[in-house]
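To start, the structure itself, in structure tokens.
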Amino acid sequence: MKSPKNYIEQHKQRFIDELISLLKIPSVSADPHYKKEVLLTAEEVKNRLQEAGCDTVEVCETPGYPIVYGEKIIDKNLPTVLVYGHYDVQPPDPIDLWNSPPFEPVIQKTELHPEGAIFARGACDDKGQMYMHVKAMEFMTKNEALPCNVKFMIEGEEEVGSESLEWFLSRNQEKLSNDVILISDTGMISKDAPSITTGLRGLSYVEVEVTGPNRDLHSGLYGGAVANPINILTQMIAQLTNENNHITIPGFYDQVEDLSQDERAKMAEAPFNLENYQKAIGIKNVHGEATYTTNERNSIRPTLDVNGIWGGYTGEGAKTVIPSKAYAKISMRLVPNQDWKEITQLFKNHFESLAPDSVKVEVKPHHGGQAYVTPIDGIEYQAADKAFQETFGKSAIPQRSGGSIPIVSMFEKNLGSKTILMGFGLDTDAIHSPNEHFGIWNYLKGIETIPYFYQHFTDLFQNNK
């Protein structure tokens with residue numbers, strides 16, 4: 001295959017400008033106020049896929065936001081790669097912590113990105129990484145270098161749990177049939193240490209509501225005599241873990257796989273500097289489950305975190321009340337064999353049991369998904385590794401991720417396909433946080449590497465027929 005480097009260099013500024021244009025659209029799926037912008041983004045993605053060389057592109061309606069589907073079938077005897085990505089983004093809040101407006105992209109040089117990084121909501125998660133595939137497709141079609149069939153499925157609800165995706169999959173199995181699913185919604189260890197994500201944690205996400213009196217009460221007249229829902233909620237949350245940061249929910253660990261010492265030793269070979277890790281996020285020391293390393297805690301062990309907590313008066317000045325209600329959002333990252341629906345029920349049963357009879361508790365499940373592990377002996381992994389060797393000059397390191405992409409296990413269930421996760425983001429890219437960014441080097445390196453995956457997967461597929 002002709003090297004993509006010259007084509008990328010020739011069109012570098014256009015590739016950057018096109019991504020910036022896409023990032024300017026605030027496609028926040030969680031907030032209905034942005035509905036118009038989310039739908040506009042779907043149309044933009046459709047247009048970009050057409051320009052990149054797809055023969056068929058359509059915006060497919062779902063019960064929620066639409067899915068953009070595109071394809072280019074060159075020979076039905078050749079393998080088919082299905083590319084998945086999402087065009088929706090996280091809410092930008094808190095706005096005041098951004099150094100520049102989240103939907104007014106700027107390019108700034110950083111210590112890790114001396115060539116510059118694009119700062120904007122969605123820069124890395126997932127518009128930048130999704131758009132790498134569109135531009136890689138453009139290179140292959142413009143240079144007659146597409147070695148197999150390709151399909152694109154770009155959704156608009158990933159950041160709210162992909163609520164319509166399984167509905168779409170079940171009704172379009174033939175349309176979506178493929179030999180491998182390719183996703184770039186993960187990261188790599190560093191710019192000089194490429195990695196392939198071989199494991200994803202599952203997720204259970206719930207909201208809890210604690211209700212005390214039937215209205216807000218004067219804290220002087222009622223304080224000390226009536227349960228304060230905020231006090232009770234924080235006490236209940238504190239009981240969910242013990243002094244070793246072990247989760248106390250009965251049955252929570254019953255299905256958790258204990259990796260062997262050999263497997264843990266192999267994981268430990270990945271380059272990691274604890275001092276740099278702490279410095280990057282501004283902490284004095286790490287924190288987590290006893291007897292496990294930092295990299296084990298955030299990849300092979302389940303977790304429980306409070307993602308938000310509120311209630312009572314939070315405005316300017318003082319207002320002395322005992323609030324009627326208190327709320328929290330809680331997520332649990334799960335590992336293989338933990339069923340998210342079962343864990344959600346275990347959480348509900350346990351949390352309700354912690355409540356005194358002076359309050360009422362309601363647990364509202366939001367969404368979740370199963371964990372996933374990609375085998376490293378399959379041709380999809382081998383093809384990805386060969387692609388990284390082409391552009392980085394070294395093999396990729398297999399790495400389990402702490403993040404969750406629930407749709408991966410859904411894909412295997414509905415389409416019977418394995419997924420390969422080739423991410424080009426970095427841990428420092430601040431996804432889901434203020435000042436999210438994506439290095440220009442990473443963006444262009446992804447465009448360069450992806451075509452090699454197509455080439456090597458096609459070769460391996462045909463050789464293994």
Side-chain angles (χ1 to χ4, degrees), residues 22 25-49 54 56-71 82-91 121-122 125-127 129-131 133-134 151-178 181-186 200-207 329 331 334 339-341 344 364-372 403-417 419 421 431-432:
L22 202 60
I25 310 174
S27 51
V28 181
S29 55
D31 188 341
H33 290 98
Y34 291 99
K35 180 177 180 179
K36 179 180 177 181
E37 288 81 2
V38 177
L39 296 175
L40 174 62
T41 309
E43 290 294 332
E44 283 295 307
V45 172
K46 173 189 173 184
N47 294 338
R48 307 294 176 84
L49 285 172
C54 284
T56 300
V57 187
E58 57 185 318
V59 176
C60 305
E61 297 301 319
T62 75
Y65 285 120
I67 288 172
V68 185
Y69 174 82
E71 68 177 29
L82 173 63
V83 176
Y84 166 85
H86 63 93
Y87 62 83
D88 64 321
V89 300
Q90 281 274 319
R121 172 57 85 226
D125 182 21
D126 179 49
K127 285 180 178 176
Q129 298 214 72
M130 174 270 289
Y131 205 59
H133 290 273
V134 179
K151 298 176 179 178
F152 287 85
M153 179 174 61
I154 314 298
E155 71 153 319
E157 295 184 329
E158 196 276 345
E159 298 295 5
V160 289
S162 299
E163 295 178 2
S164 302
L165 188 58
E166 190 159 20
W167 178 94
F168 184 76
L169 293 176
S170 65
R171 288 160 174 77
N172 293 278
Q173 290 185 344
E174 185 174 348
K175 172 186 282 192
L176 299 171
S177 63
N178 65 84
I181 298 169
L182 178 59
I183 300 177
S184 294
D185 196 11
T186 53
L200 294 164
R201 288 193 289 191
L203 175 69
S204 168
Y205 194 98
V206 301
E207 181 176 323
K329 293 181 185 289
S331 66
L334 312 176
D339 181 83
W340 76 270
K341 292 181 180 179
T344 301
K364 305 172 185 177
H366 272 269
H367 61 270
Q370 311 293 30
Y372 185 81
S404 303
I405 310 180
I407 50 90
V408 174
S409 57
M410 187 193 303
F411 284 154
E412 185 158 344
K413 173 187 171 184
N414 285 272
L415 302 178
S417 307
T419 295
L421 298 157
I431 63 172
H432 290 209

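Keep in mind it's a predicted model, so treat the numbers as computed, not measured.
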Problem - Reported OH-to-CD1 distance for the pair Y69 and I154, which is rounded to 0.5 angstrom - result: 11.5 Å
Exercise for the section: Grab the two heavy atoms, one from I25 and one from K127, that are nearest each other, plus how far apart they are. Expected result: O-NZ, 2.8 Å
Handout entry: Intermediate values then yes/no, side-chain hydrogen bond (donor to acceptor under 3.5 Å, both in side chains), E163 and H367
Key = CA-CA 8 Å; E163 295 178 2; H367 61 270; 5.7 Å; no
Practice task
Determine whether F411 and E166 make a side-chain contact, defined as any pair of heavy atoms from C-beta on separated by less than 4.5 Å.
Solution key: no
Problem - Gap between atom CD1 of I183 and atom CG of L421 - 0.5 Å precision - result: 5.5 Å
Exercise for the section: Flag the pair M410 / L169 as yes when at least one side-chain heavy-atom distance between them is below 4.5 Å, and no otherwise. Expected result: yes
Problem - Heavy-atom pair with the smallest gap, counting every atom of P66 and V59 - result: CB-CG1, 3.4 Å
Practice task
Determine whether V57 and V68 make a side-chain contact, defined as any pair of heavy atoms from C-beta on separated by less than 4.5 Å.
Solution key: yes
Exercise for the section: Check for a donor-acceptor pair, side chain of D88 on one end and backbone N or O of E159 on the other, with a separation under 3.5 Å. Expected result: yes
Handout entry: Residues in side-chain hydrogen bond (donor to acceptor under 3.5 Å, both in side chains) contact with D31, at least two apart in sequence or another chain
Key = H33
Problem - E71/K175 ion pair, N-O < 4.0 Å - result: no
Handout entry: Note, R201 side chain near Y372 side chain (heavy atom, < 4.5 Å)
Key = no
Exercise for the section: Apply the test side chain to side chain contact (heavy atoms under 4.5 Å, CB included) to residues S417 and L82: give CA-CA distance (whole Å), side-chain angles for both, the deciding distance (0.1 Å), then the verdict. Expected result: CA-CA 10 Å; S417 307; L82 173 63; over 6 Å; no
Completion exercise
Nearest heavy-atom approach of S331 to L203 is CB-CD1, 4.0 Å
Practice task
Before giving the answer on side-chain hydrogen bond (donor to acceptor under 3.5 Å, both in side chains), spell out for Q370 and D339 the whole-Å C-alpha distance, their side-chain angles and the decisive distance to 0.1 Å.
Solution key: CA-CA 6 Å; Q370 311 293 30; D339 181 83; 2.7 Å; yes
Problem - Evaluation steps, side-chain hydrogen bond (donor to acceptor under 3.5 Å, both in side chains), between E158 and Y87 - result: CA-CA 8 Å; E158 196 276 345; Y87 62 83; over 6 Å; no
Exercise for the section: May I ask you to test the L22-M130 pair for a side-chain heavy-atom distance under 4.5 Å? Expected result: yes
Practice task
Could you give me the CA-CA distance, side-chain angles and deciding distance for I67 and M153, then say whether side chain to side chain contact (heavy atoms under 4.5 Å, CB included) is met?
Solution key: CA-CA 7 Å; I67 288 172; M153 179 174 61; 3.5 Å; yes
Handout entry: Residue list, salt bridge (Lys or Arg N to Asp or Glu O under 4.0 Å) with E61, at least two apart or on another chain
Key = none
Exercise for the section: Start with the C-alpha gap between V83 and V134, add the side-chain angles, then the distance that decides, and say whether side chain to side chain contact (heavy atoms under 4.5 Å, CB included) holds. Expected result: CA-CA 9 Å; V83 176; V134 179; over 6 Å; no
Exercise for the section: Would you check if the side chain of R121 reaches a backbone N or O of Q90 as a donor-acceptor pair within less than 3.5 Å? Expected result: yes
Handout entry: Side chain to side chain, L182 and F152, heavy atoms closer than 4.5 Å
Key = no
Problem - Residue pair P32 / A30: nearest heavy atoms and the distance that separates them - result: CD-O, 3.7 Å
Practice task
Starting from the C-alpha separation in whole Å, work towards a yes-or-no answer on side chain to side chain contact (heavy atoms under 4.5 Å, CB included) for F168 and C60.
Solution key: CA-CA 9 Å; F168 184 76; C60 305; 3.6 Å; yes
Handout entry: Residue list, side-chain contact (heavy atoms from CB on, under 4.5 Å) with P365, at least two apart or on another chain
Key = T344
Problem - K364 atom NZ, neighbour heavy-atom count above 12 within 6.0 Å - result: yes
Problem - Residues which pass salt bridge (Lys or Arg N to Asp or Glu O under 4.0 Å) with K35, listed by chain and number, not counting sequence neighbours - result: none
Handout entry: Gap between atom CD1 of I407 and atom CD1 of I181 - 0.5 Å precision
Key = 7.5 Å
Problem - Heavy-atom side-chain proximity of W167 to T62 below 4.5 angstrom - result: yes
Handout entry: From CH2 (W340) to OG (S204), nearest 0.5 Å
Key = 7.0 Å
Fill in the blank from the handout: Distance col, row I405:CD1 vs S162:OG, nearest 0.5 angstrom, shows 9.5 Å
Handout entry: For Y84, all residues meeting side-chain hydrogen bond (donor to acceptor under 3.5 Å, both in side chains), sequence neighbours excluded
Key = E155
Practice task
Check step by step if side-chain hydrogen bond (donor to acceptor under 3.5 Å, both in side chains) holds for S164 and E157.
Solution key: CA-CA 7 Å; S164 302; E157 295 184 329; 2.9 Å; yes
What donor-acceptor contacts under 3.5 angstrom involve side-chain atoms of residues 36-45, with partners at least two apart or in another chain?
{"from": "T41", "atom 1": "OG1", "to": "E37", "atom 2": "O", "distance (Å)": "2.8"}
{"from": "E44", "atom 1": "OE1", "to": "R48", "atom 2": "NH2", "distance (Å)": "3.3"}

Handout entry: Sub-4.5 Å side-chain heavy-atom contact between E412 and T419
Key = no
Fill in the blank from the handout: Taken to the nearest 0.5 Å, the spacing of L165 CG from H86 NE2 works out to 11.5 Å
